[in-house]
Amino acid sequence: MLASGSSRLYFSLPYKTMGEEKTTPVRAPAKDGPFPLSTLRHSVSHLMASAIGRLFPGVRFGFGPAIEHGFYYDFDLPRPLEEADLEKIEREMRKIAKASPQLTCVEVTRGEAKARLLRKGQSYKVEAIDLIPEGEKITFWGHSDWEDLCEGPHVDRLDREFHFKLLSIAGAYWRGDEKRPMLQRIYGTAFWTKAELDAHLVWLEEIKARDHRKLGTELDLFSYHQEAGAGFVFWHPNLATVRREIERFWWDEHERRGYQPVYTPHVSRETLFEVSGHLANYADMMYAPMEIDSMPYRVKPMNCPGHILIYKNRGRSYRELPLRMAELGTVYRYERSGVLHGMLRVRGFTQDDSHIFCTSEQLADEIAGVLDLVLLVVKTFGFEYTAYLATRPKDKSIGSDEIWTRAIASLRQGAAKVGMPLELDEGGGAFYGPKIDFKMKDALGREWQLSTVQCDFNLPERFDLHFTDSDGQAKRPIMLHRAVLGAFERFIGVLIEHFGGRFPLWCAPKQVALVPIREEHAPYLRTLAERLNAQNFRVEAMLDAGHMNKKIKDAQHAQIPFMLVAGEREAADGTVAVRRRGTREQIVMPFDAFLSGISKLRSTRALGLELE
RNA sequence: GCCAGCGUGGCUCAAUGGCAGAGCACCUGAUUUGUAAUCAGGCGGUUGUGGGUUCGAUUCCCACCGCUGGCUCCA
């Protein structure tokens with residue numbers, strides 16, 4: 001119903017660092033034509049609705065807005081749609097656009113609008129009228145014999161040049177409410193030019209090709225199993241290697257920044273989660289209790305209670321603050337079956353969790369420290385990001401206005417210290433405190449929520465935490481929850497798609513492939529493999545009988561960053577023919593030069609593969 | 001959880017109410033190759049699980065498990 005005013009910047013490409021590895025088509029943002037792109041898309045959604053009206057008499061219409069990459073429209077139809085229907089609908093749309101291109105708009109009174117819709121049996125639309133604020137204009141937009149309660153704006157004529165495609169069918173609750181009827185939704189997209197539509201379709205293909213579930217199979221990264229249950233990920237050696245490298249990076253950075261490692265049990269007595277409030281507020285997400293010695297125990301859905309027990313284990317001095325505890329803590333949460341999605345939405349996952357206990361004076365510095373770490377991660381993996389400051393929710397929340405104001409100020413100060421711009425998410429905070437959430441934008445321009453920093457005034461109260469201040473008084477610390485990667489499952493799932501399976505050298509499952517030209521050159525390469533192994537490089541030595549070309553193909557498919565090919569000439573002068581992933585180049589260089597080159601790429605965690 | 005679709009060797013996909021097939025992978029043998037697939041042979045499936053209809057079900061029906069696209073909810 002609502003067309004937003006102007007088209008948004010629709011797609012950007014932060015792919016500078018990837019050098020020759022770049023495979024994503026470079027696209028300029030889709031342009032507005034005679035009308036804004038979103039207006040076109042909204043009009044095309046109307047065109048689709050009118051075609052549905054002709055093909056499915058008795059259809060009742062829901063909403064049909066323009067969205068980020070296209071549009072949708074919801075319908076209550078007499079029968080389920082099939083893929084094959086989309087083409088039929090498209091054909092009907094073209095017919096209608098050609099036959100009756102003129103759009104019309106009439107303003108009516110509220111009563112008249114209702115009568116008009118009742119007459120047509122459009123019960124959802126009748127309901128929609130009540131959503132329009134009193135005093136606002138009520139208009140119908142239409143073309144041919146079809147019209148729709150709609151605020152507009154729309155394009156003037158449907159015989160202008162534009163290009164569209166219907167993409168998929170899905171179910172959607174009326175007004176997004178799961179207690180209401182399920183409608184059928186058709187998604188589509190539209191552009192002013194064919195080139196832009198084609199580019200968009202190529203982009204959709206690229207997304208499909210980079211799907212972490214597809215690459216997970218192709219590159220032997222992970223699996224899930226019917227016999228193990230939905231939402232549980234099995235990490236294969238290749239992906240476990242990636243994870244271990246990232247964990248190593250993570251611990252290095254945390255130790256450098258004064259975090260202390262802790263480990264806490266996966267299962268605790270239920271009373272712990274009563275005290276923490278999880279049982280009262282989070283029970284839906286928790287698994288049923290298990291009985292141990294006739295007492296109920298629970299699998300942990302979060303790590304904070306465990307960390308708090310460690311804090312509380314003895315008296316704490318102000319000298320210990322800020323106290324930063326870090327754990328790669330595996331938690332289990334019940335997610336409804338329909339929301340599970342590869343590694344990105346699972347039921348058991350490992351958070352890179354930390355809790356910082358500090359005074360309110362220390363808060364801004366601690367936040368700055370966390371944000372600095374987020375920036376390091378963003379840079380290391382080549383993401384772009386947007387940071388959102390989420391403030392006090394309107395309905396229920398705890399803590400005084402003063403403490404909220406101070407915490408929000410601290411979040412702002414922390415961001416200012418590291419020069420981080422903040423978008424505002426008004427009222428988006430947790431009930432227990434404000435936070436900064438990050439959306440990371442991947443190489444395909446899609447956004448993912450990963451990092452988060454949250455102030456918590458609640459748990460220190462509930463667990464009655466304190467420390468002894470310099471004046472001898474017992475005082476209450478503030479707690480900061482933070483995750484930088486978020487969860488390994490989601491982070492690495494995103495990373496697979498971000499890199500398209502082409503991991504940077506430092507965390508690639510295999511880093512160097514060795515290919516002899518003939519089997520008799522294998523001994524030379526074996527000595528190189530030993531030297532690489534001695535430097536802790538992960539080597540795929542393809543030294544068995546077999547043909548060179550096949551090995552080259554296999555190494556390329558496995559996305560191994562470097563391939564060293566050697567025959568008589570190389571063996572004679574201690575050189576290697578280096579072939580970089582994604583290229584056909586053959587650069588002959590001394591092995592020592594190669595070794596120092598990749599050592600540098602590894603130690604700098606370079607994103608690209610340019611050897612100096 | 002809800003709506004819709006799907007489930008055939010490790011992977012990608014055929015086929016039919018009447019003996020389940022191909023390519024890749026894997027194994028064996030031959031081939032010794034200068035930058036993306038050498039040739040030949042072989043192994044491998046109770047067609048997701050359970051029930052029903054039928055002379056006969058992988059195919060039709062039901063339930064469950066799992067997956068996919070969305071909705072709703074989230075790291």
Side-chain angles (χ1 to χ4, degrees), chain A residues 62 72 74 76-77 79-83 85 167-187 208 211 213-214 217-220 223-232 282 284-285 301-303 329-331 333-353 437-438 448-452 481-494 515-522 545-557 563-570 577-579 582-588:
Chain A
Y72 67 78
D74 290 342
D76 192 335
L77 291 167
R79 70 159 171 89
L81 290 167
E82 304 161 21
E83 287 290 323
D85 290 320
L167 298 169
S168 61
I169 303 161
Y173 297 110
W174 166 236
R175 295 182 59 195
D177 183 343
E178 63 185 348
K179 292 187 190 69
R180 303 231 189 187
M182 177 69 73
L183 308 179
Q184 298 191 67
R185 174 172 295 179
I186 300 178
Y187 283 96
K208 241 189 254 169
D211 189 307
R213 294 163 300 182
K214 182 171 171 335
T217 303
E218 284 173 11
L219 300 174
D220 194 10
S223 55
Y224 24 82
H225 301 271
Q226 219 170 300
E227 48 274 62
F232 300 111
Y282 207 72
D284 289 353
M285 301 290 285
M302 292 191 191
N303 301 304
T330 304
V331 297
R333 299 182 187 171
Y334 174 71
E335 296 281 359
R336 303 207 281 179
S337 60
V339 306
L340 300 173
H341 182 89
M343 302 186 79
L344 301 183
R345 192 78 183 271
V346 294
R347 285 177 172 163
F349 55 97
T350 303
Q351 294 183 304
D352 71 312
D353 211 356
D437 282 333
F438 293 83
W448 307 90
Q449 215 235 285
L450 300 168
S451 317
T452 180
H481 307 250
R482 44 114 287 184
V484 177
L485 309 178
F488 273 92
E489 285 72 9
R490 179 172 289 180
F491 184 78
I492 291 182
V494 169
V515 178
I517 284 170
R518 281 198 308 280
E519 209 173 347
E520 68 195 69
H521 307 125
H547 289 217
M548 173 183 68
N549 283 333
K550 174 104 180 333
K551 292 174 182 174
I552 289 169
K553 186 211 64 167
D554 289 343
Q556 289 283 14
H557 278 204
M563 208 184 304
L564 303 184
V565 182
E568 260 145 53
R569 296 200 293 271
E570 289 78 9
V578 178
R579 198 173 151 144
T583 72
R584 293 166 158 263
E585 68 192 18
Q586 301 159 43
I587 297 172
V588 178

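Order of the sequence lines sets the chain letters (A, B, ...), proteins ahead of strands, with each chain counted from 1. Just so it is clear, the model here is predicted, and its values are computed rather than measured. Side chains are part of it too, since the values below use all heavy atoms of this structure and drop only hydrogens, waters and symmetry mates.
- With respect to the salt-bridge test (charged N to carboxylate O, under 4.0 angstrom), the residues A/Asp284 and A/Arg336 do not qualify.
- Comparing B/rC62 with B/rC6, their P atoms are spaced 13 Å from each other, to the whole Å.
- Residue contacts for A/Arg336: at a heavy-atom cut-off of 4.0 Å it reaches a base atom on one of the strands shown.
- For the pair A/Asn303 and A/Val331, the tightest heavy-atom approach, listed with the atom from each and the gap, is OD1-CG1, 3.5 Å.
- At the heavy-atom level, A/Ala230 lies under 4.0 Å from the strands shown only through sugar-phosphate atoms.
- In secondary-structure terms, RNA chain B builds stems of at least 3 consecutive Watson-Crick or G-U pairs, each pair having both distances under 3.5 Å, at B:1-7 with B:65-71, B:10-13 with B:21-24, B:26-30 with B:38-42, B:48-52 with B:60-64.
- A residue-by-residue look at A/Asp211 and A/Asp554 shows that A/Asp554 has its nearest nucleotide of RNA chain B further toward the 5' end.
- Rounded to a whole angstrom, the distance from the P atom of B/rU28 to that of B/rC64 is 46 Å.
- Here the separation of B/rC13 from B/rA40, taken at their P atoms, is 26 Å to the nearest Å.
- The shortest distance between side-chain heavy atoms of A/Val578 and A/Met563 does not fall below 4.5 Å.
- Evaluation of atom-type donor-acceptor distances gives no pair under 3.5 Å for the side chain of A/Gln184 against the base of B/rG70.
- Remark: A/Gln449 pairs with no residue by the side-chain hydrogen bond (donor to acceptor under 3.5 Å, both in side chains) rule, at least two apart or across chains.
- Of the candidates A/Ile169, A/Asp74, A/Leu81, A/Arg185 forms a side chain to side chain contact (heavy atoms under 4.5 Å, CB included) with just one, namely A/Asp74.
- When distances are taken from the side chain of A/Arg569 to each of B/rG34, B/rU32, B/rC71, the shortest belongs to B/rG34.
- A/Val331 comes within 4.0 angstrom of no nucleic acid atom, judged by non-hydrogen atoms across all strands.
- Computed from coordinates, the A/Arg333 CZ to B/rG1 P distance equals 19 Å when rounded to whole Å.
- B/rU68 and B/rA30 have their P atoms separated by 45 Å, given to the nearest Å.
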Return the polar atom pairs (N/O with N/O) between nucleotides 36-44 of chain B and the protein under 3.5 Å, or none.
| from | atom 1 | to | atom 2 | distance (Å) |
| --- | --- | --- | --- | --- |
| B/rA36 | OP2 | A/Arg584 | NH1 | 2.9 |
| B/rA36 | N7 | A/Arg579 | NH2 | 3.4 |
| B/rA37 | N3 | A/Lys553 | NZ | 2.9 |

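- Counting only heavy atoms from C-beta outward, the side chains of A/Trp174 and A/Asp76 never approach each other to under 4.5 Å.
- Side-chain atoms of A/Tyr173 come within donor-acceptor range of the base of B/rG1, with a qualifying N/O pair under 3.5 Å.
- Spacing between B/rG7 and B/rG50 at atom C1', rounded to whole Å, works out to 15 Å.
- Within the nucleic acid shown, A/Tyr282 has no heavy atom closer than 4.0 Å to any nucleic acid atom.
- Residues A/Tyr173 and A/Arg175 bring no donor and acceptor atom of their side chains to less than 3.5 Å of each other.
- Rounded to an integer number of Å, the gap from CZ of A/Arg345 to C1' of B/rG66 is 18 Å.
- Here the P atom of nucleotide B/rC74 and the CG atom of A/Leu344 are 17 Å apart, to the nearest Å.
- Distances were taken from every side-chain heavy atom of A/Gln226 (C-beta onward) to each of B/rC65, B/rC3, B/rA75; the shortest belongs to B/rC65.
- Here the side chain of A/Gln449 is nearest to one of B/rU35, B/rA75, B/rG1, namely B/rA75.
- Between A/Ile517 and A/Lys551, every side-chain heavy-atom pair lies at or beyond the 4.5 Å cut-off.
- Residue A/Thr217 is in sugar-phosphate contact alone, with no base atom involved, counting any heavy-atom pair closer than 4.0 Å across all strands shown.
- Judged by distance alone with a 3.5 Å cut-off, no donor-acceptor contact links the side chain of A/Glu178 to the base of B/rC71.
- The same atom, C1', is picked in B/rA4 and in B/rU47; the two are 24 Å apart, to the nearest Å.
- Residue contacts for A/Glu568: at a heavy-atom cut-off of 4.0 Å it reaches a base atom on one of the strands shown.
- Distances from the side chain of A/Tyr224 to the nucleotides B/rU68, B/rA75, B/rG1 place B/rU68 closest.
- Between A/Arg490 atom CZ and B/rC74 atom P the separation is 11 Å, expressed in whole Å.
- Projected onto RNA chain B by closest heavy-atom contact, A/Val578 and A/Leu340 fall at different nucleotides, the more 5' of which corresponds to A/Val578.
- We find that CD of A/Glu519 is positioned 11 Å from P of B/rU32, with the value rounded to whole Å.
- The side chain to side chain contact (heavy atoms under 4.5 Å, CB included) test applied to A/His557 returns A/Lys553, not counting sequence neighbours.
- Rounded to a whole angstrom, the distance from the C1' atom of B/rG29 to that of B/rG21 is 26 Å.
- In this structure, the NZ atom of A/Lys551 is 13 Å from the C1' atom of B/rU35, given to the nearest Å.
- Among the atoms of the strands shown, base atoms are found under 4.0 Å from some heavy atom of A/Gly567.
- Residue A/Arg518 places at least one side-chain N or O under 4.0 Å from the OP1 or OP2 atom of B/rU33.
- Across every non-hydrogen atom of A/Glu585 and A/Arg579, the tightest pair is O-CG, 3.2 Å.
- OP1 or OP2 of B/rG66 has not a single side-chain nitrogen or oxygen of A/Arg213 nearer than 4.0 Å.
- A/Leu450 comes within 4.0 angstrom of sugar-phosphate atoms only, judged by non-hydrogen atoms across all strands, and of no base.
- Looking at residues two or more places apart in sequence or on another chain, you find a side chain to side chain contact (heavy atoms under 4.5 Å, CB included) between A/Arg213 and A/Asp211, A/Tyr224, A/His341.
- Annotation: B/rG48 and B/rC55 have their C1' atoms spaced 27 Å apart (nearest Å).
- Across all strands, A/Phe491 comes closer than 4.0 Å to no nucleic acid atom at all (heavy-atom distances).
- For A/Tyr334, there are no side-chain hydrogen bond (donor to acceptor under 3.5 Å, both in side chains) partners at least two apart in sequence or on another chain.
- The distance from atom CG of A/Asp284 to atom C1' of B/rC73 is 11 Å, rounded to the nearest whole Å.
- No contact: A/Ala555 has no heavy atom under 4.0 Å from any strand.
- Residue contacts shown for A/Ala487 include a base, since a base heavy atom lies under 4.0 Å away.
- Rounded to a whole Å, the CG atom of A/Leu219 is 15 Å from the P atom of B/rC11.
- In this structure, A/Thr452 and A/Phe438 have side chains that are not in contact, with every pair of non-hydrogen atoms separated by 4.5 Å or more.
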